[in-house]
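Notes for the one structure printed next.
Side chains are part of it too, since the values below use all heavy atoms of this structure and drop only hydrogens, waters and symmetry mates. First the proteins, then the strands, lettered A, B, ... as listed; each starts at 1.
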Amino acid sequence: MSEHKESLNFIEEIIEEDLRNGKHDGRIHTRFPPEPNGYLHIGHTKAIWVNFGLAEKYGGVTNLRFDDTNPTTEETEYVDNIKKDIAWLGYKWDEREYYTSDYFQTLYDYAVTLIKKDLAFVDDSTADEIAEQKGVPSKPGKESPYKTRSIEENLKLFEGMKNGEFEDGSKVLRVKVDMTSPNMHMRDPVIYRIKKETHHRTGDEWCIYPMYDFAHGQSDSVEKITHSLCSLEFIHHRPLYNWFIEKLEIFPSRQIEFARMNVSYMITSKRKLLRLVEGGMVDGWNDPRMPTISGLRRRGYTPKSIRDFCAATGLAKRDNVIEVELLESILRNELNQDAQRVHVVLNPVPLVITNYPEGKVEMMVAKINPMDEDSPTREIPFSGRLLIERDDFMEEDPGKKYYRMAPGRNVRLKNGYILNCTGCTKDADGNITEVQATYYEDSRSGSDTSGVKPKGTMHYVSEQHAIEAQVNLYDRLFTDPTPTSHENKDYLEFVNPDSLKVIEKAYCEPYLVNAKQDDKFQFIRLGYFTPDYDSTAERLIFNRTVSLKDKWKKKNK
RNA sequence: AGACCCAUGGUGUAAUGGUAACACUACGGUUUUUGGUAUCGUCAUUCUAGGUUCGAGUCCUAGUGGGUCUACCA
């Protein structure tokens, strides 16, 4: 038996080595630390997958921690949405729901410790002055004139800051690291600032708030996080992260950075997404075209498809733009297995079967999901007057590569009969108002003895039995794979004007009256659809999740 | 400009010093009562130049290219 070695990503290798060395007694503990100031999007799913997924794989656990150190931007509403999104993705944090704001007292005490060790000082410089002191990376910075304050004075002033004795912006607490470091984050970074604002959880209890660098790593330590997995843009913070662990002598969590995931035709900048929402280009943060988790959910994406996508795209440190086609492929793959098949006609033209007995109705029995051996069946009404897609008929036969209806052509109706097209009727403007055909009586689906072998198969609905629905045809939001990468062009110029096409009246087979929220359908030959949040039994609304692959359409482009 | 990170088909990820693999895309077949699915095939002198080695995508050096950082945001 040969040992098949599973290939590991670089973080799994680190974890396995730690496990081999018995580090932290073999404990794996990660965290996902969103700031509750916006909605989660496709990019966040990677970080969620990494932190939750890796802990799960190695028998560890993951904390959900809200990094709420900035009262200006954070709101409880976001907390609730973030929890909903993560739960929907299928990850559990049980009772491990934490808030950095829970540690405000601990963090304050840590700061006092640093002051006592003469490693922190209160600085009266303005933000501009501090920036000036830090200078540029290529030249050493200048020391703050306040850096020489005594420990006692610093202690007193910091307490004063805490007690609200000073105005916003008048003082900050800084740590004494290294003003000559080429790493700007090491140039005596600010760790506390005054903000007399109401915090979503601590209210007015505090008026000083720790900065990211003095909150994140320390929270990791407090929670005994073993592996703090974050995206590459934090790599320059790591020396500081480790500096605090060393100086504070706290639990040595380890920060490991990976490349964030970018997806073509999507953007993830909060600010840029906000412009779409505010500009009315989309219908809110959960518009089915948005890359937000709530948008993807409304669009009909499944949690599994998103998790599988994260897994399929791997983990590394190089910049990447993953083609949406991969996401769509994974999605289609899942939906193909699970979706209920139905007949829906989006752009109808009546089809009259001239030799079909007047008033006759037959019920065609069809599998709901042909991919499933034991699929239950449904009944599709068939009659002499049907609706078919306008695109499925051509008055002039375009040649032998064409498989659909044209005068003289045979074509199979899925779950129906084989037809021979005889012609069409047009109105005064030349628009086709009706297509005519005859049917082969012995060609019924399932008991076809006609011997006729048509090349094409089409879907239909019986006109008198059809139910109406609104159908939203969503397409990608941008016409360019990387809309924000163009120096001279605003990304809004690439907003796809055809990203939504609303079909007010589509015609569905009766089976769809029972469509429920979260149901996944394949409209045969058209694509995958799911009921919109606003869909009701009285007024059905379907969103297109993704179209079917269509070689024919592609060929004819 | 300095420091840091990165460099494998169109895209993404593998190959853990032993002759480039997998998935997606694209293109071309076969099958098919969804132009879907399934299935078969085609698409790379591993950024460049030196070096170490019997042997280098992998290790070393230099170069080139791309990214990141220079917030009282996270």
Discussion item. Distance check, P atoms only: B:U8 and B:G67, in whole angstrom units.
Written reply: 14 Å
Looking for any heavy atom pair under 4.0 Å, which part of the strands does A:K414 touch: base, sugar-phosphate only, or nothing?
base
As its Watson-Crick or G-U partner within any shown strand, both distances under 3.5 Å, B:A21 has B:U13
Taking for A:T126 and for A:Q337 the nucleotide of RNA chain B with the nearest heavy atom, the one nearer the 5' end belongs to A:Q337
Considering only the P atoms, how many Å lie between B:U16 and B:U58, rounded to the nearest integer? 12 Å
In whole angstroms, the gap separating P of B:C27 from CG of A:D550 amounts to 12 Å
Whole-Å C1' distance, B:G28 and B:G35
16 Å
For a quick check of understanding: with a heavy-atom distance under 4.0 Å over all strands, which category does A:N415 fall into, base, sugar-phosphate or nothing? base
| said: Using ring centroids (six-membered ring only for Trp), state whether A:Y146 and A:F121 fall under 6.0 Å. | reply: no
Margin query: Under a plain distance cut-off of 3.5 Å, with no hydrogens placed, do A:Y241 and A:D220 share a side-chain donor-acceptor pair?
Written below: yes
Q) Taking the C1' atom of each, how far is B:A44 from B:G12, in whole Å? A) 15 Å
Contact check, residues 166-174 of chain A vs RNA chain B, heavy-atom distance under 4.0 Å, returns A:G169, A:V172
_B:U16 base / A:E13 side chain donor-acceptor hit below 3.5 Å_ = yes
The single option from A:L386, A:N415, A:L512 that satisfies side-chain contact (heavy atoms from CB on, under 4.5 Å) with A:H343 is A:N415
Of A:V136 and A:P33, the one whose nearest nucleotide on RNA chain B sits closer to the 5' end is A:V136
Here the distance between atom P of B:A74 and atom CZ of A:R238, to the nearest Å, is 21 Å
Answer yes or no for this row: A:W552 ring on B:G35 base, centroids under 5.5 Å, planes under 30°.
-> yes
Using a strict cut-off of less than 4.0 Å between a Lys/Arg side-chain nitrogen and an Asp/Glu carboxylate oxygen, indicate whether A:K195 and A:D168 qualify as a salt bridge. no
Practice task
Check whether the side chains of A:Q255 and A:H237 place a donor and an acceptor atom closer than 3.5 Å, and report yes or no.
Solution key: no
Indicate yes or no: does A:R412 engage A:D448 in a salt bridge with an N to O separation below 4.0 Å.
-> yes
Quiz prompt | Pair of N/O donor and acceptor under 3.5 Å linking B:G35 base with A:R404 side chain | solution = yes
Looking only at B:C69, B:C73, B:G66, the nucleotide nearest the A:H185 side chain is B:C69
Residues at least two apart in sequence or cross-chain that pass ring pair (Phe, Tyr, Trp, His ring centres under 6.0 Å) with A:Y108, listed by chain then number, are A:F158, A:W206
Q: Taking the six-membered ring for Trp and the full ring for Phe, Tyr or His, determine whether the centres of A:F523 and A:F542 are under 6.0 Å apart.
A: yes
Check your understanding: What nucleic acid atoms does A:F66 come within less than 4.0 Å of, heavy atoms only: base, sugar-phosphate, or nothing?
Key -> nothing
In whole angstroms, the gap separating C1' of B:U13 from CG of A:L8 amounts to 13 Å
Within residues 442-454 of chain A, the residues having a heavy atom closer than 4.0 Å to RNA chain B are A:R444, A:S445, A:G446
query: Do A:S231 and A:K46 have side-chain atoms, one donor and one acceptor, less than 3.5 Å apart?
result: no
### Message
Suppose you measure atom P in B:A26 against the same atom in B:U37; what distance do you get, rounded to whole Å?
### Response
11 Å
Check against ring pair (Phe, Tyr, Trp, His ring centres under 6.0 Å), A:F66 and A:Y99: CA-CA 5 Å; A:F66 290 96; A:Y99 295 80; 5.2 Å; yes
